[in-house]
Amino acid sequence: MEKITPRLPSGMRDFLPEELLRRQFVIERVARVFEAFGYEPLQTPVLELEETLLGKYGADAEKLIFHAQHPNGKEKLALRYDLTVPLARAFALHESKLSLPFRRYQIAPVWRAERPQRGRYREFYQCDVDCIGVEGMEADAEVISVAVMALQRLGFSDFAVKLNNRKLLTGIGLYVGLEGPPLADLYRSIDKLDKIGVDGVREELLKSGIAAEPVDRIMALVGSGAELECGYAAARARLAHFRQILSDVPLALEGLAELERVFNYLEASQVPEAMIAFDPSMVRGLGYYTGPIFEAVLLSADPEERVGSLAGGGRYDDLIGLFRKTSLPTVGVSLGIERLIVLMEKRGMYPEPLQRTVVQVLVSVFNEALRPAALRLASQLRLAGLSVEVFAGSAKLGKQLAYADKRGIPLVALLGEDELAAGVVKFKRLRDQHETVCPSAESAQQAQALLCIPQN
RNA sequence: GUGGCCGUGGUGGAGUGGUACCACGUCUGGUUGUGGCCCAGAAGGUCGAGGGUUCGAAACCCUCCGGUCACCCCA
């Protein structure tokens with residue numbers, strides 16, 4: 001048979017053990033934070049019925065959905081595009097078995113047929129935390145707190161969460177006499193503020209057909225502080241300023257009041273004020289947001305670290321209504337887990353004890369006659385909870401040590417004729433060449449001590 | 001979807017018209033039960049694919065494929 005050159009589908013990746021161990025470390029750590037706030041794990045199939053996904057993301061996005069058809073399949077299937085629509089579907093389907101508020105997290109791959117780019121893949125992990133069924137702003141503040149703590153637990157401290165409200169943005173549109181479709185252009189242009197600057201946004205708005213006078217009024221509001229000002233006092237002062245200017249626009253006032261409440265809850269939840277800011281120019285792409293929106297950005301001067309937002313989310317009170325007679329208030333946040341991993345990689349943020357392999361002990365085999373003794377030792381160590389590899393094949397001891405070193409296995413058990421005769425095991429810790437001999441009955445304890453694993 | 005750049009042994013690179021080189025990695029050895037260093041040696045390449053120009057192409061031209069970056073969009 002002809003050999004096929006091994007290739008990956010475009011935009012997809014293999015994760016080799018060493019990298020996967022680091023990814024799993026990140027995923028497990030954030031999952032623990034989610035659970036600390038009472039969020040439950042949820043898993044849904046990677047395939048959904050087409051009808052579940054179609055019509056939910058807009059025409060442009062819909063073209064990026066992967067379709068997955070079985071040759072004789074009767075069902076039309078597609079790979080999930082995100083975790084939010086499947087959540088809505090799953091919740092509506094299993095409502096009777098769930099209670100409100102329903103808090104869940106899901107860390108799983110999604111698929112998009114986009115052109116791959118740096119840090120952007122066709123198969124990538126999303127990490128979503130959502131709370132269904134709470135109308136009040138305590139839910140918004142809660143998911144923001146979750147995101148902040150997750151980022152902190154991973155070791156990030158130089159970031160800030162920017163908050164805004166879709167109602168406020170729409171209100172600003174009303175304030176200048178815009179409504180309906182032109183609002184989308186307005187959002188898109190404002191969103192580019194930090195990228196193209198005040199003048200750039202002004203230019204785009206004028207180009208999109210908005211008259212000069214309204215554009216000036218928009219810029220006076222949104223462009224007033226292109227600099228990010230963190231802290232609760234600054235946020236409240238700015239909210240008050242907006243309240244004054246937009247006093248005739250009820251929708252804007254509603255949005256401002258919501259934000260005020262979110263800030264109050266965040267402060268009470270001890271979210272550090274250096275990590276919080278009101279940013280009226282922050283938009284977020286997705287159309288389905290209906291209330292507060294938020295985005296965590298890295299405060300780094302390093303252009304190499306400009307990877308977009310670390311996390312983002314908002315309230316989307318209409319989404320569940322897609323699968324249900326009446327909708328339910330819902331708010332969620334998504335950690336940009338792929339970006340976080342890239343950053344942690346770049347910054348070397350993984351804790352030192354994080355190993356390159358799951359193997360903790362390599363049991364060397366001096367010769368075939370001694371293999372049974374090696375196997376016995378290995379099973380004894382495994383019963384104590386250790387991950388143990390017995391050297392396969394035959395090689396000189398030097399080779400076996402070199403192998404352990406290359407693999408990153410921290411400890412080697414040496415069990416030769418002398419040790420066997422004396423009823424002992426010798427351990428060698430590669431990191432510092434430290435060698436100890438102990439009675440074979442105590443070998444598991446000894447290994448754990450050498451690996452610095454606390455006893456029970 | 002549009003445009004720029006790139007594609008050389010497992011990996012990263014040098015080589016701009018005369019038939020391929022470096023580093024790392026891999027393997028073997030430096031004899032008896034101890035790795036990371038050092039030394040000696042070895043294996044490994046249809047120079048992304050196909051076509052064209054030329055006496056001769058990894059190099060020049062065309063097409064395709066793949067990668068990458070920017071735009072669009074987005075995590």
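As the structure is a prediction and not an experimental result, all values here were calculated from the model. The sequence lines fix the lettering, A, B, ..., with proteins before strands; numbering per chain opens at 1.
Only the P atoms considered, A20(B) is 40 Å distant from G1(B), to the nearest whole Å. With both ends at atom C1', the span from A59(B) to U53(B) equals 13 Å, rounded to whole Å. Across the C1' atoms, G12(B) and C47(B) are found 16 Å apart, a figure rounded to whole Å. Separating the C1' atom of C37(B) from that of G30(B) is a span of 14 Å, rounded to the nearest Å. For C5(B) and C61(B), the P atoms lie 11 Å apart once the distance is rounded to whole Å. Atom name P, nucleotides C55(B) and C72(B): the rounded distance is 50 Å, in whole Å. Straight-line distance between the C1' atoms of C22(B) and G9(B): roughly 12 Å, to the nearest whole Å. For C62(B) and A75(B), the C1' atoms lie 39 Å apart once the distance is rounded to whole Å.
When heavy atoms are screened at a 4.0 angstrom cut-off, L414(A) is found touching base atoms of the nucleic acid. When heavy atoms are screened at a 4.0 angstrom cut-off, S364(A) is found touching no nucleic acid atom at all. As judged by a 4.0 angstrom heavy-atom cut-off over every strand, E123(A) is placed among residues making no nucleic acid contact. Using a 4.0 Å heavy-atom criterion, one finds that Y121(A) contacts the bases of the nucleic acid, with or without backbone contacts as well. Nucleic acid contact for K406(A): sugar-phosphate only, since backbone atoms but no base atoms lie under 4.0 Å from a heavy atom of the residue.
Atoms OH (Y81(A)) and P (C73(B)) sit 13 Å apart, rounded to a whole Å. The interatomic distance linking I341(A) (CD1) with A75(B) (P) rounds to 17 Å, in whole Å. The interatomic distance linking L335(A) (CG) with C74(B) (C1') rounds to 17 Å, in whole Å. Distance, L370(A) CG to G33(B) C1': 11 Å, rounded to whole Å. Distance, R112(A) CZ to C72(B) P: 18 Å, rounded to whole Å. Rounded to an integer number of Å, the gap from E62(A) CD to C74(B) C1' is 16 Å. Distance CG (L401(A)) to P (C37(B)): 14 Å, rounded to an integer number of Å. In this structure, R429(A) places its CZ atom 18 Å from P of G35(B), rounding to the nearest Å.
Heavy-atom neighbours of M349(A) CE from other residues, nucleotides or ligands within 6.0 Å: above the threshold of 12. The number of heavy-atom neighbours closer than 6.0 Å to CD of E19(A), taken from other residues, nucleotides and ligands shown, is above 12. Counting non-hydrogen atoms of neighbouring residues, nucleotides and ligands closer than 6.0 angstrom, the CZ atom of R382(A) exceeds 12 such neighbours.
Residue ring and base: F366(A) does not count as stacked with G33(B) (centre distance below 5.5 Å and interplanar angle below 30° not both satisfied).
With a cut-off of 3.5 Å on both Watson-Crick or G-U wobble distances, the partner of G7(B) is given as C65(B). In a base pair of the Watson-Crick type (N1 to N3 plus N6-O4 or O6-N4) or a G-U wobble (N1-O2 and O6-N3), with each distance short of 3.5 Å, C38(B) is matched with G30(B). When both distances must be under 3.5 Å, the Watson-Crick or G-U wobble mate of C60(B) is G52(B). Base pairing of U2(B): its partner is A70(B), meeting the Watson-Crick or G-U wobble criterion (both donor-acceptor distances under 3.5 Å). Across the strands present, G45(B) finds no partner; the criterion is a Watson-Crick or G-U wobble pair with both atom distances under 3.5 angstrom.
Taking for each of K399(A) and D405(A) the nucleotide of RNA chain B with the nearest heavy atom, the 5'-most of the two is the partner of K399(A). Looking at which nucleotide of RNA chain B each of R120(A) and P9(A) is closest to, the 5′-most match is held by P9(A).
The base of G36(B) is paired with the side chain of Q433(A) by a donor and an acceptor separated by under 3.5 Å. Donor-acceptor pairing under 3.5 Å, judged by distance alone, is absent between the side chain of E114(A) and the base of G1(B).
Contact between the side-chain N/O atoms of S10(A) and the OP1/OP2 oxygens of G66(B) is not found at any separation under 4.0 Å.
Judged by distance alone, the side chain of R356(A) and the main-chain N or O of K406(A) form a donor-acceptor pair under 3.5 Å. D128(A) places no side-chain N or O within 3.5 Å of a backbone atom of S334(A) that could act as its donor or acceptor partner. Panel note: side chain Q400(A), backbone V365(A); a donor-acceptor pair is recorded below 3.5 Å.
The side chain of D418(A) sits closest to G33(B) out of G35(B), G33(B), U32(B). Side chain of K396(A), nearest nucleotide from G35(B), A75(B), U32(B): U32(B). Among the nucleotides U34(B), U32(B), C74(B), the one closest to any side-chain atom of K426(A) is U34(B).
With F15(A) as the aromatic partner, R23(A) meets the cation-pi criteria of under 6.0 angstrom to the ring centre and within 45 degrees of the ring axis.
With Q126(A) as the fixed residue, the side-chain contact (heavy atoms from CB on, under 4.5 Å) test singles out one of L335(A), I107(A), L83(A): L83(A).
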